Amino acid sequence: MSAFAFANPAILLGLLALPLIWWLLRLTPPRPTTEVFPPLRILAGVLKREETPAQSPWWLTLLRMLLAAALILAIANPVLNPRAGSLDSGGPLVLVVDNGWATSTDWERRIETAEALIADAETADIPVSIAFTADATHDAVPGNAVTAREKLAAARPRPLVPDRERAASAIGEALNGTTPGTLAYISDGIVTDADEAALGAFGALSPAELRLIEGEGEGAVALTSASNSAEAMSVTATRLPTPAPRSISVNALDIQGRPLASGTLQFAAGAAAATAEIEAPFELRNDFARLGIEGLATAGAAHLLDDGFKRRRVALLAGESGSDFQPLLQPLYYISRALQPYADLIEPTTADLSVSIPQILERNPSAIILADVGRLPAETYEPLQEWISRGGMLIRFAGPRLAAAPADDPLVPVILRRGERALGGALSWSEPQPLADFPDFGPFTGMPRATDITINRQVLAEPTPDLAERTWASLGDGTPLVTTREQEAGRIVLFHTSAEATWSNMPLSGNFVEMLRRLVQMARAGGATSTTSGTEAAAALPPYRLLDAEGILSTETGTAKPIAITAGQTPVASFDHPPGLYGSEDGFTAVNLLAAGTELSPFNPELAGQQVIRETLIGEEATSLRPLLFAIAFGLILLDSLVVLFMNGAFSRIPRRPGRATAAVVALAALWFAAPDSGLAQDARPGDDLLMQRLDTTHLAYVVTGEAEVDRLSEQGLAGLTEFLTYRTTLEPGEPVGLDIATDELSFYPIIYWPISANAPMPSAAAISRIDAYMRNGGTVLFDTRDQVSSLDSFGATTANGERLQVILANIDIPPLEPTPEDHVLARAFYLLKDFPGRYAGSPLWVEARQEAAETNSELSSSGDGVTPLLITANDFAGAWAIDPQGNSVLPTVPPDGMQREYAYRAGVNIMMYMLTGNYKSDQVHVPDLLERLGQ
């Protein structure tokens, strides 16, 4: 192939006339002169010797010679690297054309190159075999040039990765042993997995000449993955490595194709991959429907997003708040850290579930997680069930509160047995159980079984015929660990163990993170009002919208087949499943061109095993210099015209204007505004003084029941206990405070005494919810039914006050209770006590059952700070503590006994010390043992 040639070489004979043109241009007529009246000026000109040039200057002649030469050369049409147009005539022309996703940017040039090769074959009377590597079927039988042009005209770029091995096999079958003369491969320049086999098949054809024709490859840029993190969306792209760095903009588009946000891909020199961050609010990122590279229209430059890409909004609720000083014991500690990278978490602003649950439902989360919540406020069940029915997902974790909850809870997927099952304890014959293999259905399909997880405690499900179908995970002994139930469009899921590491070590395992991630991914991204669902993970989805070669979604589905989506796997495009959206308008899954982590590499033709002639596309191979020469000629004409005008004095007649000096004056003015005094202190609001008093001094508080006599005795009783505390301990409480639990702030008081009276007005549901929230946040309520004598007279029957207490506690999520054990810290917080009498004796003081103590002999209760959230007695503490203004006891003890009143006061002191010190006192009882171990 020649590096330089002329399309019309005969025109070059015109260069022989350049000497004649030189001689003609040297003859220049004298320039005409202009004289101005008066006559003296004429006479002066007559006397002046006139000098005019006899010929044009040499440089002007040279300029005009160059102009003439440029015109002659432009007409001759010089061409750089002209195409030779030679084919080997020893066999048919085999034309292999890549028409994959990377060819749409320069498809016209590829067509022109193929047409030129077909024209050469037609001139040499050589048959043509043509095949396209991204087509599913091939007709590569050699034919004439007309048939080859028809096939070429019908060909289109495909949004697929080329299958060169299939094309090579079709060509081999079509030639049927015929040896090709020239095998011309118009490649996209990108390597594929089957290149070695394809090039081996091409080499086996033994062509006399193997040509590789490639473009520049600048359009070969593709998006491979996108991940939605907490703050931004991360997009990864790949290109063919080039020595120069490159900056590319990537846009995030909504379902209407409107750009919402953008980022920049910065490819370093020689790098094949780059990552861009698209920062946008969570709500805006959930509106992203696709990603696209700006200025590049290919299927690889488009990355489709579906419901699985969107971040879910997940609300977290717990049965108790725990202690900030012991975060590992908080029920939501491991859940929040497991989901934080994958979801946007909502935490309640208050522990009052009757307030926090409606607030959360207003934000329409995708999922709600309840950690050891046994009993919800009655008014919250209906809106929660409605939210689930509209597509919400409720995920629950077991715990002591759920184990003690009623069995008819509508928000659990299976019927639960009352209480929990301890594995590996002193009173259990069974050992802690590992996990069994996950079943072949459900979201955990394909996950390996975690051999390091052991379950020590669980809640059991009652056997039912459909229990196995509802079980997504089970223990080694076959008992369920994760169960589920569909409720219309929504779902309820229950983990039969706790969310923290007291019942199992599952929260410490990486499988816990993966299980939660898969469950949350099943939830609807838009919440309960969304119509998109991801629960049919294993169904075959029909093609809904498909990408064309330019990266545009189209309703034309062609021969695409339905695709089966496997949970936990990302589908990749193929001939049967081109890139696009599969499903329906109610819900779809995105299938993109390239798998995550793909990096583009240059095509290597050396695998064919023979010498390869490298060429470029015809648009770059032959470059005509005619436009450049015409441009030079036009420039020389303009320059010659300016010279002639100058020599004729055209510029000398332009009047000269004196320069005018311009002075710029800038005035700066500053306005000073006197800012009004803002004041550092704001006016105090009404009631602030009272709040400061409550914070500055510890006060004992009681519930104002509305019954005058009961409230008077409560105030006198707490006044007597306050005086006793001041006299016997270093604690000096302030005056007792009566509380309206519906309106007053409760968090200022470590304990609230609530005398139960059946004749008092029933508290509202909102007031009871505030008491529930107070106990969840670490407060304690002492319920006193004051009916020990009545219950003895009735031989254990429930009294009216006891029934009222049951009604109050029915809407409170209380933990399991037990009579105060002898080794409980409450019995040794200040005085050593065996029982807790009041005005009456004989009723036990009920406290929260110690879950850890039952297994590990620990004296801590199950709450974070070691303090029970509620105490229940019938001994009438306030009646024993009550004193009049003179300090005399108001009511006698039953039976009359001075020591019983003394022990009642001591019980009150122990309760207060227990409230104020928490597990500190519990730790002190171990000091003798610790000193003994240390040898002191």
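Not measured: the values here are computed from a predicted model.
Applying the side chain to side chain contact (heavy atoms under 4.5 Å, CB included) criterion to Arg545, with sequence neighbours excluded, gives Leu553, Thr555, Leu581. A search for side chain to side chain contact (heavy atoms under 4.5 Å, CB included) contacts involving Thr242 returns Arg239, not counting sequence neighbours. Annotation: ring-ring contact (aromatic ring centres under 6.0 Å, His included) contacts of Phe438 (sequence neighbours excluded): Phe444. Checked against side chain to side chain donor-acceptor pair (under 3.5 Å), Asp306 has no partners two or more places apart in sequence or in another chain. Every residue was checked against the side chain to side chain donor-acceptor pair (under 3.5 Å) condition with Thr178, not counting sequence neighbours, and none meets it. For Glu115, there are no side chain to side chain donor-acceptor pair (under 3.5 Å) partners, not counting sequence neighbours. Residues meeting the side chain to side chain contact (heavy atoms under 4.5 Å, CB included) test with Ile552, sequence neighbours left out: Asp548, Glu550. Applying the side chain to side chain contact (heavy atoms under 4.5 Å, CB included) rule to Glu294 yields the partners Ser249, Asn251; only residues at least two apart in sequence or on another chain are considered. With sequence neighbours excluded, the residues that form a side chain to side chain donor-acceptor pair (under 3.5 Å) with Thr192 are Asp195.
Sequence neighbours left out, not one pair with a member in residues 101-159 passes ring-ring contact (aromatic ring centres under 6.0 Å, His included). Residue pairs that meet the salt bridge (charged side-chain N to carboxylate O under 4.0 Å, His left out) test with at least one member in residues 88-100, sequence neighbours left out, are Asp98-Arg164. Within the structure, ring-ring contact (aromatic ring centres under 6.0 Å, His included) pairs that include any residue of residues 163-196 comprise Tyr185-Phe202, Tyr185-Phe603 (at least two apart or interchain).
Leu546 and Ala560 get closest at one heavy-atom pair: CD1-CB, 3.7 Å. Contact detail for Ala134 and Leu160: the closest heavy-atom pair is O-CD1, 4.0 Å.
Side-chain contact between Leu253 and Leu260 is absent, with no heavy-atom pair separated by less than 4.5 Å. Proximity of Arg211 to Val612: side-chain heavy atoms (C-beta onward) are nowhere separated by under 4.5 Å. Side-chain contact check for Val221 versus Thr238: every heavy-atom pair is 4.5 Å or farther apart.
A salt bridge is absent between Arg110 and Glu112: the closest approach of a Lys/Arg side-chain nitrogen to an acidic carboxylate oxygen does not fall below 4.0 angstrom.
A donor and an acceptor atom, one from each side chain of Arg156 and Asn99, are nowhere located under 3.5 Å apart.
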